[in-house]
Amino acid sequence: MKNRIRECRKAAGISQTELSNVLGVSFVSISRYERGLSEPNLATWERLAKALHVSPAYLVGWSNKPKHMTINVPKGGTLTIFN
């Protein structure tokens, strides 16, 4: 499956090793994710998106909107807005 991990990592100006250190996975895992040889689990997709400052949906390729904003709303809820 085509994803945007490599594109977003390069745009952020970080190496595979730096990203792997942030996520606590091996740089080999990052390389495999980028080449589509391995698929991150849901928690890793979320950590990747946070580290790369994009929405998980953008990173996976489900959306063309790279960023999102989360707003806390009364009674402990959140509202996510994609721009």
Side-chain angles (χ1 to χ4, degrees):
M1 178 172 158
K2 174 77 169 137
N3 65 57
R4 295 180 170 124
I5 297 171
R6 181 182 309 235
E7 167 192 332
C8 292
R9 178 182 58 77
K10 288 185 176 258
I14 61 175
S15 69
Q16 288 180 337
T17 301
E18 290 169 323
L19 183 57
S20 70
N21 289 336
V22 168
L23 298 178
V25 301
S26 70
F27 77 90
V28 172
S29 292
I30 299 297
S31 175
R32 291 180 59 81
Y33 298 157
E34 289 183 351
R35 293 181 291 146
L37 300 176
S38 182
E39 190 75 17
N41 64 31
L42 181 58
T44 302
W45 276 119
E46 291 172 346
R47 291 193 333 256
L48 278 163
K50 184 175 182 177
L52 298 171
H53 307 288
V54 297
S55 70
Y58 180 79
L59 195 58
V60 172
W62 295 342
S63 170
N64 290 324
K65 298 177 182 184
K67 302 216 182 221
H68 67 275
M69 176 174 58
T70 301
I71 301 170
N72 290 324
V73 294
K75 299 185 182 181
T78 60
L79 173 66
T80 301
I81 301 170
F82 294 90
N83 60 2

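This one's a predicted model, so the numbers in the text were calculated from it and none came from an experiment.
The shortest heavy-atom contact between Trp45 and Pro40 is NE1-O, 3.2 Å.
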Item to check | side chain to side chain contact (heavy atoms under 4.5 Å, CB included) assessment of Val54 paired with Leu48 | outcome: CA-CA 9 Å; Val54 297; Leu48 278 163; over 6 Å; no
Checklist entry - Going through the distances and angles, do Ile14 and Val22 end up as a side chain to side chain contact (heavy atoms under 4.5 Å, CB included)? => result CA-CA 11 Å; Ile14 61 175; Val22 168; 5.9 Å; no
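For the atom pair CG of Leu59 and CG of Leu52, the computed distance is 6.0 Å after rounding to the nearest 0.5 Å. In this structure, the separation between CD on Gln16 and OH on Tyr33 is 12.0 Å, given to the nearest 0.5 Å. Note that CG of Leu19 and CD1 of Ile5 are 8.0 Å apart. Values are rounded to the nearest 0.5 Å. Note that the NZ atom of Lys10 and the OG atom of Ser15 stand 10.5 Å from one another [nearest 0.5 Å].
Of the N and O atoms on the side chains of Ser26 and Ser29, at least one donor lies less than 3.5 Å from an acceptor on the other residue.
Side-chain atoms of Arg6 never come within 3.5 Å of backbone atoms of Glu34 as a donor-acceptor pair (strictly under, hydrogens ignored).
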